[in-house]
Colleague: 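There's a structure below that I have some questions on.
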Amino acid sequence: MLGVDDDALVYYFFFFTTFLSCLKSSDGGIHGLGPFLAKEAPGCLKERSLQDFQGKKLAIDASMAMYQFLIAVRSTGENGVAQPLTSASGEETSHLQGFFWRTIAMVKAGIRPLYVFDGKPPSLKSGEIASRNLRRDEGAKRLQEATEEGNVEEMNKFAKRTTRVTKQHAEECKRLLRLLGVPTVDAPSEAEAQCAALAKNGLVYASATEDMDALCCGSPILVRRLTMSEARKLPVLEYHLDQVLSSLGLNMTQFVDFCILCGCDFSETIKGIGPKSALHGIRKHGNIESFIESLNTSKFVVPDPFPIDEIRQLLTTPEVVDMGNLSIDWNAEPDEEGLIEFLVKEKGFSEKRVRGGLEAIKKAKMVKPQGKLDMFFSPKKTTPQASTLLNSTFAATNESLPADREDLKRGLSSTSAADQKPAKRSRGRKASASK
DNA sequence: ACTCTGGGTCTAGACGAG
DNA sequence: TGACCCAGAGT
DNA sequence: CTCGTCC
């Protein structure tokens with residue numbers, strides 16, 4: 001009896017602290033970093049159109065896309081309640097529908113996507129996860145209430161809030177992508193960190209995710225708003241890490257500290273300190289510790305668990321796939337019959353649409369050089385100048401060349417970003433400068 | 001008056017026919 | 001999850 | 001462009 005109570009108490013205490021530690025955070029990624037950079041460091045931001053990504057390889061965070069598709073791709077049932085699309089046997093297919101069309105659109109646009117899937121979250125994220133679960137439970141409860149009241153609007157609202165991405169969703173998306181000939185990578189831990197590592201090592205041009213912490217994980221370039229529908233109205237955005245650093249007047253180490261103060265998934269923040277104060281503080285004092293020392297402790301309360309060093313480690317040296325062992329097949333052929341079997345036979349998609357979509361992919365891939373031109377140019381070790389030339393001249397045919405001219409001119413950036421793309425020929429390896 | 005923070009809110013895809 | 005708006009505290 | 005439909 002006593003033992004049981006003790007265990008319960010310990011468990012409860014743990015839960016309570018993690019719960020508290022994230023009550024506020026409500027913000028994945030780095031809190032407010034996007035708007036802050038837009039305002040305070042507009043130079044790091046470039047507006048792009050889809051054309052600009054012709055031939056470029058992008059590492060895309062798959063989790064976020066799955067989540068959004070599951071929430072947004074719904075059809076109205078008889079009682080007026082929106083429900084996910086399903087196969088005849090009742091399995092959700094919204095995520096597949098979304099991935100299918102979005103991927104086709106990207107390939108058609110000349111983009112070479114690589115989808116990165118989440119692994120196990122770091123243990124420091126348990127607080128954030130607990131809070132999400134809490135929010136989900138809350139949603140489930142209110143969904144129940146709304147259902148009893150027959151309030152359709154509320155039902156739709158809270159049904160979305162209970163949405164969760166499962167292992168099965170992810171496996172099905174991977175299967176679909178494999179059949180489409182699109183490469184995937186399983187991140188051992190966080191997807192954004194893996195995207196950043198791929199970009200840092202030159203295996204892709206940039207990380208494509210809404211999550212700003214790819215930047216503080218060292219992705220030289222972060223691409224946001226890369227969704228086709230949005231792109232028609234709003235430009236795609238590119239954040240350049242080297243210019244973030246120079247605009248803010250921070251080195252990479254200081255930038256990471258700045259991000260931690262802004263608030264990330266791994267701890268609470270010091271209330272009263274937002275991006276503005278954090279920037280001034282880090283500029284003046286150099287690091288979090290010194291900044292904290294300068295604070296009036298009666299006014300500013302440092303969160304109780306505040307494992308600065310661990311958080312720094314998660315952001316600067318996150319767990320990622322060993323690049324040396326990573327082989328990515330960028331030229332896999334789509335498997336038409338396999339795709340029909342999966343989407344049409346198993347999931348009830350329209351065969352006509354599936355074949356039509358696949359046709360579009362094949363055609364788009366055909367347009368690419370895929371052969372001679374590549375072989376002709378690839379052996380060259382491109383100097384920055386040379387690649388700039390190549391970039392502007394053959395942008396449509398060659399793959400992911402580095403950024404643009406202005407970027408190359410400013411080669412500052414204390415850490416990464418120095419190593420530009422190796423020319424073609426993926427296969428594992430990448431020399432790897434840094435670290 | 002102005003700035004910053006934080007707490008609340010709402011919203012969330014893509015195709016293609018007409 | 002992010003973006004937007006407003007209240008309130010601080011300067 | 002709007003709106004119904006995708007499964």
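Naming: A, B, ... by sequence-line order, numbering from 1 per chain. Side-chain atoms are counted along with the backbone in the values below, which use heavy atoms only and exclude waters and symmetry mates.
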Colleague: With the sugar-phosphate defined as primed atoms, P, OP1 and OP2, and the base as all remaining atoms, what B/S/- string results for nucleotides 11-18 of chain B, 5' to 3', for protein heavy atoms under 4.0 Å?
Modeller: -BBSSS--

Colleague: Say we look at B:dG13 and C:dA3: how far apart would their P atoms be, to the nearest angstrom?
Modeller: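 One P to the other, the span is 13 Å.
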
Colleague: Tell me whether A:Thr76 contacts the main-chain N or O of A:Gly80 through its side chain, where contact means a donor paired with an acceptor under 3.5 Å.
Modeller: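 The answer is no, because no donor-acceptor pair under 3.5 Å joins these two groups.
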
Colleague: Atom NZ of A:Lys233 to atom C1' of C:dA3: distance rounded to whole Å?
Modeller: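 Distance, rounded to whole Å: 15 Å.
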
Colleague: Contact class for A:Thr86 (heavy atom, under 4.0 Å): base, sugar-phosphate, or nothing?
Modeller: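 Result for A:Thr86 = base.
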
Colleague: Please say which of A:Leu222, A:Leu226, A:Val223, A:Ile60 ends up in a side chain to side chain contact (heavy atoms under 4.5 Å, CB included) with A:Thr209.
Modeller: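 Exactly one candidate clears the test, A:Leu222.
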
Colleague: What is the distance, to the nearest angstrom, from the CG atom on A:Asn156 to the P atom on B:dC10?
Modeller: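 Spelled out: CG on A:Asn156 to P on B:dC10 is 14 Å.
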
Colleague: Walk along nucleotides 4-11 of chain C from 5' to 3' and tag each nucleotide B, S or - by protein heavy-atom contact under 4.0 Å, base first, then sugar-phosphate.
Modeller: -------S

Colleague: Considering non-hydrogen atoms only, spot the tightest contact between A:Gly249 and A:Gln254 and give its length.
Modeller: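 What the structure gives for the nearest pair is O-OE1, 4.2 Å.
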
Colleague: Residues two or more places apart in sequence or in another chain: which of them pass side chain to side chain contact (heavy atoms under 4.5 Å, CB included) with A:Leu314?
Modeller: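 For A:Leu314 the side chain to side chain contact (heavy atoms under 4.5 Å, CB included) partners, ignoring immediate neighbours, are A:Pro122, A:Leu124, A:Phe266.
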
Colleague: From CG of A:Leu237 over to P of C:dG2, roughly how many Å is that when rounded to an integer?
Modeller: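 Atom CG in A:Leu237 sits about 14 Å away from atom P in C:dG2.
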
Colleague: Rounded to the nearest 0.5 Å, how far apart are CD1 of A:Ile308 and CG of A:Asp257?
Modeller: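 Interatomic distance, A:Ile308 CD1 to A:Asp257 CG, rounded to 0.5 Å: 7.5 Å.
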
Colleague: Base, sugar-phosphate, or nothing: which does A:Leu96 touch, judged by heavy atoms less than 4.0 Å apart?
Modeller: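 Counting heavy atoms under 4.0 Å across all strands, no contact is made by A:Leu96.
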
Colleague: Within the side chain of A:Arg161, is there an N or O that forms a donor-acceptor pair under 3.5 Å with the backbone of A:Ala140?
Modeller: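 No: the side chain of A:Arg161 does not pair with the backbone of A:Ala140.
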
Colleague: Can a side chain N or O of A:Lys276 be found less than 4.0 Å away from OP1 or OP2 on B:dC4?
Modeller: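 Checking B:dC4 against A:Lys276, a side-chain N or O does come within under 4.0 Å of OP1 or OP2.
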
Colleague: Roughly, in whole Å, what's the span from CD in A:Glu153 to C1' in B:dC10?
Modeller: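 To the nearest whole Å, that distance equals 12 Å.
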
Colleague: Between A:Ser207 and A:Ser219 (side chain of the first, backbone of the second, donor and acceptor by atom type, cut-off under 3.5 Å), is there such a pair?
Modeller: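 Such a contact is absent between A:Ser207 side chain and A:Ser219 backbone.
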
Colleague: Name the nucleic acid region contacted by A:Pro84, choosing base, sugar-phosphate or nothing; use a 4.0 angstrom heavy-atom cut-off, strictly under.
Modeller: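 No contact.
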
Colleague: How long is the straight-line distance from CG of A:Asp213 back to NE2 of A:His31, given to the nearest 0.5 Å?
Modeller: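 It comes to 13.5 Å.
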
Colleague: Please report the distance separating the P of B:dG8 from the corresponding atom of D:dC7, rounded so that it comes out in whole Å.
Modeller: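 Per the computed distance, 41 Å lies between those P atoms.
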
Colleague: Report the relative orientation of the aromatic rings in A:Phe53 and A:Tyr205; use parallel for angles under 30°, tilted for 30 to 60°, perpendicular for over 60°.
Modeller: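 Ring orientation of A:Phe53 relative to A:Tyr205: perpendicular.
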
Colleague: In whole angstrom, give the distance that lies between atom CZ of A:Arg355 and atom C1' of D:dC6.
Modeller: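 Result: 19 Å.
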
Colleague: Expressed as a whole number of angstroms, how long is the span from A:Glu154:CD to B:dC10:C1'?
Modeller: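 Atom CD in A:Glu154 sits about 13 Å away from atom C1' in B:dC10.
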
Colleague: Quickly work out the A:Leu33 CG to C:dA3 P distance and round it to whole Å.
Modeller: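 Whole-Å distance recorded here is 10 Å.
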
Colleague: Checking A:Thr162 side chain against A:Ala159 main chain: does a donor-acceptor pair fall under 3.5 Å?
Modeller: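 Side chain of A:Thr162 to backbone of A:Ala159, a donor-acceptor pair under 3.5 Å: yes, one is there.
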
Colleague: Base, sugar-phosphate alone, or nothing: which one does A:Ser94 contact when heavy atoms must sit under 4.0 Å apart?
Modeller: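 No contact.
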
Colleague: CD of A:Glu192 versus C1' of C:dT1: gap in Å, rounded?
Modeller: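 Taking atom C1' of C:dT1 as the reference, CD of A:Glu192 is at 11 Å.
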
